[in-house]
Amino acid sequence: MIKWKELIKFKGDKILWCMIILLMVASVLLIYSSTGRLAYNKQDGNTLFYVGKQLTFLIVCFGVLFVTQIFPWKK
């Protein structure tokens, strides 16, 4: 039987996980602040278009990171 609590548990270096999450949050803030003019020119003022793309990318990447940390790589 699969023990879900063990699969969901974060393994590895906790400082590294914190840094990854902080960099992800910083990237969303940077994308939002730097694409204002581009959003008004290309997306008719929809500033959340580029933030949505960035959040989608981050969720997929975080999922890949989370899944790969489950497997034992020492073999």
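In what follows, every heavy atom counts, from backbone to side chain, and hydrogens, waters and symmetry copies are set aside. Keep in mind that what you see is a predicted model, and the values were worked out from it rather than measured.
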**OP:** Consider only side-chain heavy atoms of I, L, V, M, F, W and Y, link residues closer than 4.5 Å, and tell whether L16 and L65 are in one cluster.
**Re:** yes
Original post:
When clusters are formed by joining ILVMFWY residues with side-chain heavy atoms under 4.5 Å apart, either directly or through shared neighbours, do F62 and L58 land in the same one?
Top reply: yes
Original post:
Are any of the side-chain heavy atoms of F49 and K42 separated by less than 4.5 Å?
Top reply: no
Donor-acceptor pairs are to be reported for all side-chain atoms of residues 19-41 against protein atoms at under 3.5 Å, with residues two or more places apart or in another chain.
{"from": "S27", "atom 1": "OG", "to": "M24", "atom 2": "O", "distance (Å)": "2.7"}
{"from": "S27", "atom 1": "OG", "to": "Q54", "atom 2": "NE2", "distance (Å)": "3.1"}
{"from": "S33", "atom 1": "OG", "to": "L29", "atom 2": "O", "distance (Å)": "3.2"}
{"from": "S33", "atom 1": "OG", "to": "L30", "atom 2": "O", "distance (Å)": "3.2"}
{"from": "S34", "atom 1": "OG", "to": "L30", "atom 2": "O", "distance (Å)": "2.8"}
{"from": "T35", "atom 1": "OG1", "to": "I31", "atom 2": "O", "distance (Å)": "2.7"}
{"from": "N41", "atom 1": "ND2", "to": "R37", "atom 2": "O", "distance (Å)": "3.4"}

